[in-house]
Amino acid sequence: MEEQPLNDALGNWKRTHYCGDISSADIGNEVCLMGWVQRRRDHGGLIFIYLRDREGIAQLALDPDRDPEAHEKADKVRNEYVVAVKGTISPRPEGTVNPKMKTGEVEVEVSELRILNVSKTPPFMLDDHVDVAENIRLKHRYLDLRRPALQKNMILRHQVTKTVRNYLDEQGFLEIETPVLTKSTPEGARDYLVPSRVNGGNFFALPQSPQLFKQLLMVSGYDRYCQIVKCFRDEDLRADRQPEFTQIDCEMSFVDTNDVMTIMENMIARVFKETIGVEVTAPMARMTYAEAMDRFGVDNPDLRFDLELTELSSIVEGCGFKVFADAVKNGGMVKAINAKGCATFSRKDLDDLTEFVKIYGAKGLAWVKMTEEGWQSPIAKFFTPEELEKINQALDAQVGDLLMFVADSTSITNESLGRLRGHLGQKLGLAKKDDYQFVWITDFPLLEWDGEAKRHVAVHHPFTAPRDEDLALLDTDPGKACAKAYDLVLNGSEIGGGSIRIHDQSIQSKMFNLLGIGDEEAQEKFGFLLDALEYGAPPHGGLAFGLDRLVMILTGSDSIRDVIAFPKTQKATCLLSGAPGEVDDKQLQELSIRLRIRKKE
RNA sequence: GGGGCUGUAGUAGAGUCGGUUACAACGCCGGCCUGUCACGCCGGAGGUCGCGGGUUCGAGUCCCGUCAGCCCCGCCA
């Protein structure tokens, strides 16, 4: 099917303005604009065209009496055609100014129009107000990315990285690239592997982070390193998690925890100021891990609202309600939240909340509605008046409040109630999008016990230094040692984290032993780091921010996919390119690889 | 590996108790319209109801399976 070629040559036309940049200041000037047709409104005579580029939209006016030739050409124009126009900026006639538009005071009286390229009718309207299923958007991502909302996100993302680079440069950081084809490391996430053709049977791993290399750069004396870098983890996806993601990765020498936190919080404050104009006060709040778990049940508390957790173990110990008493007796705990004024929740609401805590392993959710007559609750009968009074007092329970309790192991109680707290904050509208509450979480445990593997695993990673005062604990009670680790949490989201590293080879060896990694294995996996530590490694530490999550919050996006140009689906595929895909037998042969599953027909 | 939600013209939706030819909107095509701005008016085209099987005289609708997208648990140092 042959189409009449409609395209005009660009010729020697030079664009003078972005569409979104024309204003009253340009009135009377000759301009040349180029962009995409957002919409054409044909009034029989007069034709209006919305011309769009990345900076915004300009209204073109084509009058048949003034320029019959351009008007005739405009008749052929359709949505998403690529058009260039020359014309005069003129004020819109009295009463036709559009205050909703940035360029709404003016329009372009077109004298000449060139159709640079035609377009098929796109599969969906490129308006921000049109909802389109995400799989359709991802398949035609190049069109989706043409929508103003997504362009705004990408531009803001650029502003973030630009601000970060400027700041880090001023602070003496050097951006140094590290390998993408590197070595698989145990611990941590599943690696993405790349087969080596030259070394048949061997594999590279894509980096989960440049961790070891940035430490080596400190040993090499670069003093301050940074990199905005892709990292890869072959784990399942979430709304805020992609298998390839970007970190703002930093490391510096001759510093301790407070030095790192200070430099980094100032960077974040600057980013907020320069990208969305929000003043963030530094220094930011700090809270130990222990306090966060006690008050909020999680290590990434959302501080935009209260709803804090209260532990009632000592009150309900030995009480008549077996569920509570047993939880305490078995080494667990009982905690509660007081949702002020929520006694109006329906039975269904409460059932839903119960289902919610069950996701995190809680066996149930006990609740109490505070009424004029006291407790209205299925569990009221199990408690003595004294116990009721003590619980009311501990929770500051008033008429109209809703009390919710979980009794379980310490970890399940904390996590389920902590998540319930976050859930309620959203549900009750307490978490405002334009409220930014930062908090550093510090003094994480160094190790945690993995019951399945019957060994300690690093809470942060195996190169994290213990607190100086806890060094002796490594020999006596390693589970009690705290780490020089810190996470920056914003509105319940961990946006960055890091630690001071071990620069002493003997302590590093001790860590590996505690983690059940033998000398031989350690030498094989991390030998190069252990060796490097023996050649004058300076004290050093750093951290990495998740750029995607940060931009997600700055743009108010609900999904990480809205701030990544070409994201993957939840099954880690790319609907645009079709990746991952099969490869030729010849390619496999070169890589010394034989498949154990048959290719699809 | 597991739980949940969704899938109907290009797009996003409605579709009753299983019953005639699957609706109206936006978009698209044609016509009209000289100040609109999510322009308006008239007309038209456009459907493998995700896919496969089953129940039934009859399935978009009920059942089973499967695929895809999304949210979550596990996982993510």
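Just so it is clear, the values below take in all heavy atoms, side chains as well, and ignore hydrogens, waters and symmetry mates. The sequence lines fix the lettering, A, B, ..., with proteins before strands; numbering per chain opens at 1. Source: prediction; values computed, not measured.
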field: Separation between the P atoms of B:rC64 and B:rG18, rounded to whole Å
entry: 15 Å

field: Heavy-atom donor-acceptor pair, A:Asp131 side-chain to B:rU11 base, under 3.5 Å
entry: no

Base-pairing assignment for B:rC70 (Watson-Crick or G-U wobble, both under 3.5 Å): B:rG4

task: Over 60° means perpendicular and under 30° means parallel, so classify the ring planes of A:Tyr142 and A:His140, tilted if in between.
output: perpendicular

task: Report the base-pairing partner of B:rC28 (Watson-Crick or G-U wobble, both distances below 3.5 angstrom), or none.
output: B:rG44

- prompt: According to the 5.5 Å centroid and 30° plane-angle thresholds, does A:Phe124 stack upon the nucleobase of B:rU11?
  reply: no

- line: With the side chain defined as heavy atoms from C-beta on, A:Val132 is closest, among B:rU11, B:rC33, B:rC37, to B:rU11

- request: Have a look at A:Ile136 and say if it touches a base, only the backbone sugar-phosphate, or nothing, with a 4.0 Å heavy-atom cut-off.
  value: sugar-phosphate

Partner nucleotide, any strand, of B:rC33 [Watson-Crick/G-U, under 3.5 Å]: none

P-based separation of B:rA24 from B:rG44 [nearest Å]: 11 Å

field: Minimum-distance nucleotide (side-chain atoms of A:Met125 versus B:rG27, B:rA12, B:rA38)
entry: B:rG27

- line: 5'-most contact on RNA chain B (nearest-nucleotide basis), A:Met101 vs A:Pro122, goes to A:Pro122

Under 4.0 angstrom between A:Lys100 side-chain N/O and B:rA38 OP1 or OP2: yes

A:Lys139 atom NZ, over 12 foreign heavy atoms within 6.0 Å: no

query: Relative to A:Phe566, does A:Arg561 satisfy both conditions: NZ or CZ under 6.0 angstrom from the six-membered ring centre, and within 45 degrees of the ring's axis?
result: no

message: Between the base of B:rG35 and the side chain of A:Glu107, is one N or O donor paired with an acceptor at under 3.5 angstrom?
response: yes

- prompt: What is the distance from CD of A:Glu109 to P of B:rU34, rounded to the nearest Å?
  reply: 18 Å

statement: For B:rU61, the nucleotide meeting Watson-Crick or G-U wobble distances (both under 3.5 Å) is none

task: Go along nucleotides 70-75 of chain B 5' to 3' and tag each nucleotide: B for a protein heavy atom under 4.0 Å from its base, S when only backbone or sugar atoms are that close, - otherwise.
output: BBBBBB

message: Categorize A:Pro123 for me: base, sugar-phosphate, or nothing, with a 4.0 angstrom heavy-atom threshold over every strand shown.
response: sugar-phosphate

query: Given atom NE2 of A:His140 and atom C1' of B:rG10, what is their separation to the nearest angstrom?
result: 9 Å

- request: Have a look at A:Thr96 and say if it touches a base, only the backbone sugar-phosphate, or nothing, with a 4.0 Å heavy-atom cut-off.
  value: base

message: At 4.0 Å (heavy atoms only), tell me whether A:Val457 reaches a base, stays on the sugar-phosphate, or touches nothing.
response: nothing

message: Ignoring hydrogens, what is the shortest heavy-atom contact between A:Glu235 and A:Arg190? Give both atom names and the distance.
response: OE2-N, 2.9 Å

Nearest-Å distance once atom P is located in both B:rC75 and B:rC63: 34 Å

message: Tell me whether the side-chain N or O atoms of A:Arg41 pair up with the base of B:rC33 as donor and acceptor below 3.5 Å, since no angle test is needed here.
response: no

- prompt: Rounding to a whole Å, what distance do you find between A:Glu355:CD and B:rG2:P?
  reply: 20 Å

query: Do A:Phe245 and A:Gln247 have side-chain heavy atoms sitting under 4.5 Å apart?
result: yes

Tabulate below the donor-acceptor pairs under 3.5 Å that side-chain atoms of residues 440-447 of chain A make, not counting sequence neighbours, or state none.
unit_1, atom_1, unit_2, atom_2, d
A:Trp440, NE1, A:Glu265, OE1, 2.7
A:Asp443, OD1, A:Arg467, NH1, 2.7

task: Can you measure from CG (A:Leu62) to NE2 (A:His43) and round to the nearest 0.5 angstrom?
output: 11.5 Å

message: Please give the distance between the C1' atoms of B:rG19 and B:rG3 as a whole number of Å.
response: 37 Å

message: Under a 3.5 Å cut-off for both contacts, is B:rA38 paired Watson-Crick or G-U wobble with anything, and if yes, with which nucleotide?
response: none

- prompt: Pick one: which of A:Lys214, A:Gln211, A:Gln227 meets side chain to side chain donor-acceptor pair (under 3.5 Å) with A:Asp249?
  reply: A:Lys214

- prompt: If we ignore angles and hydrogens, is there a donor and acceptor under 3.5 Å between the side chains of A:Ser559 and A:Ser557?
  reply: no

- prompt: Expressed in angstrom and rounded to an integer, what is the separation of A:Gln242 atom CD from B:rG69 atom P?
  reply: 12 Å

message: Does B:rU36 have its OP1 or OP2 closer than 4.0 Å to a side-chain nitrogen or oxygen of A:Asn98?
response: no

- request: Using a 4.0 Å heavy-atom cut-off across all strands, classify A:Thr464 as base, sugar-phosphate, or nothing.
  value: nothing

- request: For A:Asp65, answer base if it contacts any base atom (sugar-phosphate contacts may also be present), sugar-phosphate if it contacts only those atoms, and nothing otherwise; contact means non-hydrogen atoms under 4.0 Å.
  value: base

task: Could you let me know what B:rG18 is paired to, Watson-Crick or G-U wobble, both distances under 3.5 Å, or none if it's on its own?
output: none

message: Starting the side chain at C-beta, find the nucleotide from B:rC29, B:rG35, B:rA38 nearest to A:Arg78.
response: B:rC29

query: Relative to the ring of A:Phe512, is the ring of A:Phe526 parallel (under 30°), tilted (30 to 60°) or perpendicular (over 60°)?
result: parallel

C1'-based separation of B:rA22 from B:rG69 [nearest Å]: 25 Å

task: Rounded to whole angstrom, note down the C1' distance from B:rG50 over to B:rU61.
output: 16 Å

- request: Quote, to the nearest angstrom, the P distance that separates B:rG53 from B:rG60.
  value: 14 Å

statement: RNA chain B nearest-nucleotide lookup for A:Asn135 and A:Gln211: closer to the 5′ end is A:Asn135

- request: Starting from C1' on B:rG35, measure out to CD1 on A:Ile47 and report it in whole angstrom.
  value: 13 Å

message: Would you say A:Thr573 places a side-chain N or O within less than 4.0 Å of OP1 or OP2 belonging to B:rG69?
response: yes

message: With rounding to the closest Å, how many angstrom separate the C1' atoms on B:rG47 and B:rG13?
response: 15 Å

